[in-house]
Amino acid sequence: MNVRITGTGSALPGKILTNAELERLVDTSDEWITTRTGIKERRIAAEGEYTSTFAAEAGRRALEMAGVKPEEIDLIILSTVTPDFPFPSTACIVQDILGATNATAFDLSAACSGFIFGMSVAEKYLRSGAARKILIIGSEVLSRIVDWQDRNTCVLFGDGAGAVVLEASEGAHSLLSTHTFSNGSYWNLLYQPGSGSRNPATDSHTIDERKLYVTMEGNDVFKHAVRAMEEAAVKALDANGLSPSDISLLIPHQANRRIIDATAKRLGVDSERLFTNLQHYGNTSSASIPIALDEVNRQGLLKPGNKLLMVAFGGGFAYGSALVNW
Ligand code: UT7
């Protein structure tokens with residue numbers, strides 16, 4: 001039984017926030033942000049736009065491309081760190097918006113690696129015969145949990161969503177493998193301290209001590225990110241008897257241009273085979289890889305038989321890879 005990507009979609013807020021505009025918010029510069037991260041601008045959700053808004057639109061576009069009706073979907077897996085509500089799952093809200101009446105729907109929490117983890121879960125459902133058509137979505141409105149007074153973090157993130165339809169099928173085009181990893185000993189290097197059971201949003205200290213915002217030890221995370229993405233990529237190549245020269249395109253999680261370049265260099269993947277769009281969107285966490293994949297797909301950058309490697313790293317730490325024969 002093969003597992004095939006039959007549709008991709010993405011949705012982004014219309015509002016663009018440039019580095020020049022950030023210079024007016026915090027003590028930063030376009031020069032610092034560009035050289036340290038590669039980011040030039042990011043998209044920011046408007047009032048009345050939520051994680052489910054972008055998730056549903058990205059999902060709708062992926063379904064349209066796949067030629068799959070919402071009611072044919074067996075399962076919706078939505079990865080996010082910024083759900084509409086702590087409960088119910090944003091996936092259930094998206095199910096309602098799309099009219100995917102026959103789907104089971106749930107959210108998945110694996111931070112920036114959530115989309116790859118979602119692909120991995122979906123792969124198991126499909127290969128076991130438990131589902132035939134699955135919608136996987138990564139959607140984030142990070143602008144609502146970013147501290148707009150903290151220059152260390154607020155320049156990095158953006159909002160948006162990406163989605164794929166994964167189907168059980170015959171034929172050559174196939175998801176070859178997924179690999180997922182977790183290293184919980186570093187959970188406190190990148191997290192949102194408040195709003196859960198440790199520092200409830202209902203406690204005034206949570207707000208007074210600014211615990212509702214993303215906090216990150218950027219430098220430490222950087223070093224782990226490069227090592228972990230290399231490890232996840234090598235695992236994918238080894239499992240399929242491939243070498244880096246076999247890879248047609250590498251889509252890494254879009255967190256920092258320097259992390260991406262260092263990972264590609266360690267793997268021996270040259271810049272022509274590396275896809276980046278973080279200059280436009282910043283780090284959109286679990287949405288970053290599916291947004292990039294949709295752009296790659298709609299631009300026709302992949303031909304049948306091309307090997308596509310996707311690799312992610314983020315809070316948890318959670319990291320992983322997915323390898324596709326296009
Ligand atoms: O999504 C998955 C996980 N996330 C990541 O993978 C992100 C990983 N980390 C990073 O991308 C980088 O560590 C950052 C972009 C966050 C920071 O870059 P860095 O080269 O590691 O800088 P740094 O944290 O070592 O800071 C260097 C200096 C500091 O000043 P001092 O202490 O040297 O005087 C910072 O205060 O840069 C300062 N700085 C800024 N300056 C201007 C930090 N943020 C800014 C800013 N504008 N926005």
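Counting starts at 1 for both ligands and their atoms, following the listed order. By convention here, the first residue in the shown sequence is residue 1.
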- request: Please confirm whether Asn219 comes within less than 3.5 Å of ligand 1 when only nitrogen or oxygen atoms on both sides are compared.
  value: yes
- prompt: Looking only at heavy atoms, is any part of Leu190 under 4.0 Å from ligand 1, and if so is it the side chain, the backbone, or both, or is it neither?
  reply: side chain
task: Decide, yes or no, whether a salt bridge links Asp261 with Arg258 under the criterion of side-chain N to carboxylate O below 4.0 Å.
output: no
query: With the threshold set at 4.0 Å, does a side-chain nitrogen-carboxylate oxygen contact exist between Arg266 and Glu230?
result: yes
field: Top protein contact for atom 10 (C) of ligand 1, by heavy-atom distance
entry: Asn256 ND2, 3.5 Å
task: Please determine if Glu64 and Arg61 form a salt bridge, counting it only when a charged side-chain N lies under 4.0 Å from a carboxylate O.
output: no
query: Centroid-to-centroid, Phe317 to His224, below 6.0 Å?
result: yes
task: May I ask you to check whether Thr37 has an N/O atom sitting below 3.5 Å from an N/O atom of ligand 1?
output: no
Ligand 1 contact on Ile259 by region, counting heavy-atom pairs under 4.0 Å: side chain
message: Yes or no: does Val155 have any heavy atom under 4.0 Å from an atom of ligand 1?
response: yes
- prompt: Which residue and non-hydrogen atom of the protein lie closest to atom 17 (C) of ligand 1, and at what distance in Å?
  reply: Trp32 CH2, 4.0 Å
message: I need the Asn19 CG to Thr28 OG1 distance, nearest 0.5 Å.
response: 7.5 Å
- prompt: Quick one: does Met216 get an N or O within less than 3.5 Å of an N or O on ligand 1?
  reply: no
message: Between Arg43 and Asp159 (salt bridge meaning N to carboxylate O under 4.0 Å), is one present in this structure?
response: no
